[in-house]
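The next block holds one structure in the form of C-alpha cells; read it before the comments.
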There are 2 protein chains.
Amino acid sequence: MKIVSWNINSVRFRLEIVERFLREAAPDILCLQETKVIDQDFPQEAFRRLGYKTIILHGQKMHHGVAILSRVPLAEDDRFDWQANREARHVGVKLANGVRLENVYVPAGGDVPDREVNAKFGQKLDFVERMTAWSASLDCPTILVGDFNIAPLESDVWNHKQLLNVVSHTPIEVDALNRLKDSNSWVDLGRHFYPAPARLHTWWSYRSPDWTVNDRGRRLDHMWATADVAAAATSHTVFEACRNWLKPSDHVPIMTEFDL
Amino acid sequence: MKIVSWNINSVRFRLEIVERFLREAAPDILCLQETKVIDQDFPQEAFRRLGYKTIILHGQKMHHGVAILSRVPLAEDDRFDWQANREARHVGVKLANGVRLENVYVPAGGDVPDREVNAKFGQKLDFVERMTAWSASLDCPTILVGDFNIAPLESDVWNHKQLLNVVSHTPIEVDALNRLKDSNSWVDLGRHFYPAPARLHTWWSYRSPDWTVNDRGRRLDHMWATADVAAAATSHTVFEACRNWLKPSDHVPIMTEFDL
DNA sequence: GGGAGCAGCG
DNA sequence: CGCTGCTCCC
C-alpha cells in the first residue's frame with residue numbers, strides 16, 4: 001500500500017504533472033493539499049482515467065482545499081473544521097483494513113512570528129493546538145499526512161540558525177508540533193527512514209529560481225503514523241526530482257509504502 | 001518581396017505561433033498589431049534568431065501596440081498619433097526601393113454603433129477620418145496594412161444582413177472606409193486577387209468555439225497599395241489554417257507577394 | 001473566449 | 001515567484 005502526500009498549489013494548473021507523477025510512482029492513494037478549487041470544478045475525470053476512481057474532496061474557492069484520490073476503496077470520510085472558520089484544511093477517510101488516513105493543510109502563518117502583531121501566526125498555533133486535542137482522543141490506527149508548514153528539526157531546513165526567526169522553523173512552532181507529536185504514539189515516518197541529521201527537504205521557495213544550486217529547502221510536508229501502523233511501513237521516498245518538472249509545485253510529493 | 005499583416009493579440013503570449021508562422025511562410029516583412037507590450041519588453045531575440053533583425057516598435061502598456069519586423073533593411077520609421085491620445089496604433093517605414101509601408105491598428109469601436117451613446121464608436125470614425133486626410137496627402141508609393149476593424153463588403157462577413165447593425169460592418173463605418181479608399185489610388189489587394197462575392201475572412205471570434213463549423217468570420221484585416229505598387233503584386237494569401245493552431249489569435253495572417 | 005494588469009496570499 | 005479571481009477590453 002503506497003500512500004502519497006503532495007501540496008500541489010492548484011490541482012487544475014498542475015494537472016499534467018500530477019498525472020505524470022501518478023503514472024510514474026503509481027501510489028494507491030494520493031493526498032493533495034492546496035487544490036485551490038471548489039468541489040464541482042475538481043478535475044475528477046483525469047484521475048478516474050488513471051484508475052483513481054474514489055475521490056474525496058474538501059475544497060473551497062481560491063485558497064486551501066484538500067483531496068484524497070484512491071484506487072482502493074475508502075469509507076467514512078469526514079471533514080474537520082477545527083477553527084470553525086470554514087477553511088478547507090482537512091479531509092479524512094477509513095481504509096478497508098480499518099486504518100484511518102487524515103490529510104491536513106496547516107495554515108502557513110504569515111510573515112511575522114508574533115501572534116500579537118500577526119493574527120495568521122496565532123491562527124497557525126491555535127490550529128496545531130486544536131489538532132493536538134483531537135490527536136489525543138484518537139482511538140484508531142491512523143496515518144496523518146499533509147503540509148504541516150513546520151520544519152521541526154535542524155536538519156529539516158537548509159540553515160537552522162538563519163531560520164530560527166522565520167515562520168515554519170521558530171521554536172514556538174516547533175514546540176507546538178512536538179506537543180502534537182507527543183499527544184499520541186506518532187512516528188515521524190520521514191525521520192524513521194532518514195534519521196537526523198540527514199538532509200530531508202520537501203519544499204523550495206519559488207523565489208529562488210536557482211533552488212537546485214542554493215538548495216534552500218525546508219521539510220514542511222510530513223507523514224506520521226501511530227506506532228501500530230508505523231510498524232508496517234517499509235520505505236519512504238521524497239520525490240525531489242518533481243521540483244524540476246515543467247510548471248512545478250514548490251512542494252514535492254512524499255510517499256510511504258506500508259505492508260498493510 | 002513578401003509582406004504579412006497579423007493582429008497577434010499579445011506577441012508575448014503568442015510567440016510560439018508567430019515563430020512557427022515565420023518558419024513556414026518566410027515573409028520578408030511582418031507587420032503586427034495588438035502586440036500588447038511596451039517596447040522594452042518586446043521579445044526581440046526570438047525574431048532576431050529567425051533572421052528578422054530590423055525591428056521597429058510602437059508599443060504601449062496593456063493595449064494596442066504595433067510593430068514591423070523585417071529581414072530586409074528599413075528606414076525613416078515614424079509613428080503617427082492621429083488622435084493625439086497616446087494610443088500606439090501606427091508605425092510606418094520606408095523600404096529600400098522607396099516604397100513606404102504603413103501599419104495601422106484602427107480602434108475596434110465598442111459595442112453600440114452610435115457615437116452619441118458610445119464614445120468608442122465615435123473615436124473609431126474620427127480615426128478613419130483623420131487617416132483619410134493623411135492618406136490624401138501622401139506623395140509616395142505606399143502599402144497600407146493592418147487591422148482596420150471594418151469589413152466593408154457583403155462577402156466580407158458571414159451574414160451581411162445579420163451584421164448590418166454590428167460594429168465593423170455598419171453602413172456608417174463602411175462609408176468612412178470607402179472615403180479613406182477613395183482618398184488615394186488605393187487598391188484593395190485582398191479583393192484584387194479574390195474579387196467579391198468570394199468568401200474572404202480574416203477573423204473569427206473566440207466566442208464561438210466551433211468557428212470552423214459555423215464559419216462566422218469577418219474580413220477585418222486588409223492590405224492596400226497605391227496603384228503603382230499594386231501593379232507589382234503577384235499573389236495574396238489568407239492563412240486560415242493558423243486559426244486552428246495551438247493558442248491561436250482570433251485573427252489570421254494575410255500576405256501579399258510583390259515583384260519589387 | 002481570452003488577452004493584460006492587479007490585489008491577495010503564500 | 002507564481003496562483004486565483006477580479007476588472008477592463010477586444
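Just so it is clear: chains get the letters A, B, ... in the order the sequence lines come, proteins before strands, and each one is counted from 1.
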For His201(B), which residues count as a side chain to side chain donor-acceptor pair (under 3.5 Å) partner, sequence neighbours excluded?
none
Whole-Å distance between [N] [atom2] and [X] [atom1]?
X: Asn7(A); N: dC3(D); atom1: CG; atom2: P; result: 13 Å
X: Phe42(B); N: dA4(C); atom1: CZ; atom2: P; result: 13 Å
X: Trp203(B); N: dG1(C); atom1: CH2; atom2: C1'; result: 10 Å
X: Asn214(B); N: dG1(C); atom1: CG; atom2: P; result: 14 Å
X: Trp245(A); N: dG2(D); atom1: CH2; atom2: C1'; result: 20 Å
X: Phe121(B); N: dC10(D); atom1: CZ; atom2: C1'; result: 16 Å
X: Arg243(A); N: dG2(D); atom1: CZ; atom2: P; result: 8 Å
X: Phe148(B); N: dC10(D); atom1: CZ; atom2: P; result: 18 Å

If you measure from the Lys or Arg side-chain nitrogens to the Asp or Glu carboxylate oxygens, is any gap between [X] and [Y] under 4.0 Å?
X: Asp156(A); Y: Arg191(A); value: yes
X: Arg216(B); Y: Asp210(B); value: no
X: Glu34(A); Y: Arg89(A); value: no

Distance test, side-chain N/O of Ser205(B) to OP1/OP2 of dG1(C), below 4.0 Å:
no
Letter by letter from the 5' end, nucleotides 5-10 of chain C scores (B base, S sugar-phosphate only, - none; protein heavy atoms under 4.0 Å) SS--SB
Donor-acceptor check, side chain of Asp221(A) to backbone of Trp203(A), threshold 3.5 angstrom: yes or no?
no
Residues that Phe80(B) engages under ring pair (Phe, Tyr, Trp, His ring centres under 6.0 Å), provided they are two or more places apart
Trp82(B), His90(B), Trp134(B)
